[in-house]
Amino acid sequence: MSRFSRGLIVWYKQNERDLPWRKTSDPYKVWVSEIILQQTRVNQGLNYYINFVNCFPTVFDLANAAEDEVLKQWEGLGYYSRARNMHAAAKEVAYNLKGEFPNNYDQLIKLKGIGPYTAAAISSICYNEHRTVVDGNVFRVLTRIFGIDTPINSSKGKKEVETLAHELNDDGDHGTFNQALMEFGAIYCTPKLPKCNGCMFKLECVALKTGMVDKLPVKEKKLKIRHRFLNFLFVIDQNNQTIIQRRNENDIWKGLYQFPLIETSKEESEEIVLSNCNYAFIKGATINSVNSSKHKLTHQTLYIRIISLQVKFDNTNLPPDYQLINFNDIGEYALPKPLDNFCKHIL
DNA sequence: AACCCGGGGAC
DNA sequence: GTCCCAGGGTT
């Protein structure tokens, strides 16, 4: 076995963080941790992991839960398809696989929400299958140490790093190697200000020798940011009732709940927004207040406006798919972050 | 291959 | 403001 893998694993055993999913061999819990940590830093996902496995201790508990319940646990974490796909996969495991979690890469990757990374992670960590993970950390560490300047978001660059990583994963403990490589990227070989001075690879790192540390990995293509103008109507009547609607379209926040929405293509005044919408329940309503905020996502900038309206509901006018609830029960529904912030603010 | 999907932390 | 995080699904 190579000096690289041996040294890395020794480093890991001395420096690994104390994290709950490293103390279990239950593939269900390892799976939950891997899904939560997709595109999510450990510090952001840690409490969600603890709450999630507490709420759904086994794959049967998750399978038997309602989707709204699962999404409520996921509220605020983002990328909600992870929760929906994990719920669907839990049903598959519980009902069609008799609760026995797939124990190899080829079966794991068939489950919804499990792609090449997660299948490699679970199969190597739980079953010591010889699979190698390639995540953002692995891309960064290996392109720097080996001086690879092929764009990592090209298929050529991906394959180059995958092949290298798999060759380096030549110690017998493949799961530990994978976790060590990712941990090294997360703690030492960070995107900004990596700790090159104390790095165990400082003598051989091509990027350090050639002054390319802050240039690698190379990524081409910049994404365009879409601007959207979301006007929500927070209507409330004398009995503290309000209207919500489940987002079921293929868009951000699918499966979460929102107040009645009027989306415009550009900034509009409240008067224009209200006059151009055909919600019957706002007839004769008076504006209590208007709350504006900007919510920045990776691919979209959302200009959020929440118009609070005092109304008297005429139940016959409630459109289909809209629900009348007591505002005191709003906490039972998973809300997009900006709406959750609003509700917490006015309570 | 290109695009979509959240939220937050570090700088 | 910029970058990117223990990625995956869809088209």
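Chain naming here is simple, since letters A, B, ... match the order of the sequence lines and numbering starts at 1 in each. Since we're looking at a predicted model, the values are computed, not measured. All values below were derived from every heavy atom in this structure, side-chain atoms included, with hydrogens, water molecules and symmetry-related copies excluded.
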Does [X] reach a base, just sugar-phosphate, or nothing at all? Heavy atoms under 4.0 Å.
{"X": "A:S33", "result": "nothing"}
{"X": "A:T118", "result": "sugar-phosphate"}
{"X": "A:I36", "result": "nothing"}
{"X": "A:W21", "result": "base"}

Under 3.5 Å, is there an N or O donor on one side and an acceptor on the other linking the side chain of [X] and the base of [N]?
{"X": "A:T40", "N": "B:dG6", "answer": "yes"}
{"X": "A:H299", "N": "B:dC5", "answer": "yes"}
{"X": "A:R22", "N": "C:dA6", "answer": "yes"}

Whether [Y] and [X] form a salt bridge (side-chain N of Lys/Arg under 4.0 Å from carboxylate O of Asp/Glu) is what I want to check.
{"X": "A:E100", "Y": "A:K98", "result": "no"}
{"X": "A:K159", "Y": "A:E162", "result": "no"}
{"X": "A:E249", "Y": "A:R247", "result": "no"}

May I ask you to evaluate whether [X] reaches the phosphate of [N], defined as a side-chain N or O under 4.0 Å from OP1 or OP2?
{"X": "A:R226", "N": "B:dC3", "answer": "no"}
{"X": "A:S155", "N": "B:dA1", "answer": "yes"}
{"X": "A:Q39", "N": "C:dA6", "answer": "no"}

Please list every donor-acceptor pair under 3.5 Å in which a side-chain atom of residues 334-347 of chain A meets a protein atom from a residue at least two apart or in another chain.
{"from": "A:D340", "atom 1": "OD1", "to": "A:K344", "atom 2": "NZ", "distance (Å)": "2.8"}
{"from": "A:D340", "atom 1": "OD2", "to": "A:K344", "atom 2": "NZ", "distance (Å)": "2.9"}
{"from": "A:N341", "atom 1": "ND2", "to": "A:K337", "atom 2": "O", "distance (Å)": "3.4"}

Separation of atom [atom1] in [X] from atom [atom2] in [N], rounded to whole Å:
{"X": "A:W31", "N": "C:dG8", "atom1": "CH2", "atom2": "C1'", "result": "14 Å"}
{"X": "A:N85", "N": "B:dG6", "atom1": "CG", "atom2": "P", "result": "12 Å"}
{"X": "A:I304", "N": "B:dG7", "atom1": "CD1", "atom2": "C1'", "result": "13 Å"}
{"X": "A:K158", "N": "B:dA1", "atom1": "NZ", "atom2": "C1'", "result": "9 Å"}
{"X": "A:W253", "N": "B:dC4", "atom1": "CH2", "atom2": "P", "result": "16 Å"}
{"X": "A:F139", "N": "C:dA6", "atom1": "CZ", "atom2": "C1'", "result": "13 Å"}
{"X": "A:Y79", "N": "B:dC3", "atom1": "OH", "atom2": "C1'", "result": "11 Å"}
{"X": "A:I152", "N": "B:dA1", "atom1": "CD1", "atom2": "P", "result": "15 Å"}

| A:N128 side-chain N/O to A:H174 backbone N/O, donor-acceptor pair under 3.5 Å |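 Answer holds: yes.
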| said: Quick one: does any side-chain atom of A:R6 pair with a main-chain N or O of A:D171 as donor and acceptor, under 3.5 Å? | reply: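 Side chain of A:R6 to backbone of A:D171, a donor-acceptor pair under 3.5 Å: no, none is there.
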| task | Quick one: sort the A:F201 and A:F184 rings into parallel, tilted or perpendicular, breaks at 30° and 60°. | result | perpendicular
Using the [atom1] atom as the reference point in each nucleotide, state the distance between [N] and [M] in Å, no decimals.
{"N": "C:dA6", "M": "B:dC3", "atom1": "P", "result": "25 Å"}
{"N": "C:dG9", "M": "B:dG8", "atom1": "P", "result": "24 Å"}
{"N": "B:dG6", "M": "C:dT11", "atom1": "P", "result": "15 Å"}

| request: Map A:K156 and A:R84 onto DNA chain B by nearest heavy atom, then report which one ends up closer to the 5' terminus. | output: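 The residue mapped nearer the 5' terminus is A:K156.
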| query | How do A:A186 and A:N250 order along DNA chain C: which one's closest nucleotide is nearer the 5' end? | reply | A:A186
| request: Assess the side chains of A:T118 and A:Q38: does a donor N or O sit below 3.5 Å from an acceptor N or O? | output: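 Side-chain D/A pair, A:T118 to A:Q38: present.
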| said: Among C:dG7, B:dG6, C:dC5, which nucleotide has an atom closest to any side-chain atom of A:K219? | reply: C:dC5
Set out, line by line, the N/O atom pairs under 3.5 Å between protein and nucleotides 8-11 of chain B.
{"from": "B:dG8", "atom 1": "N2", "to": "A:R41", "atom 2": "NH1", "distance (Å)": "2.6"}

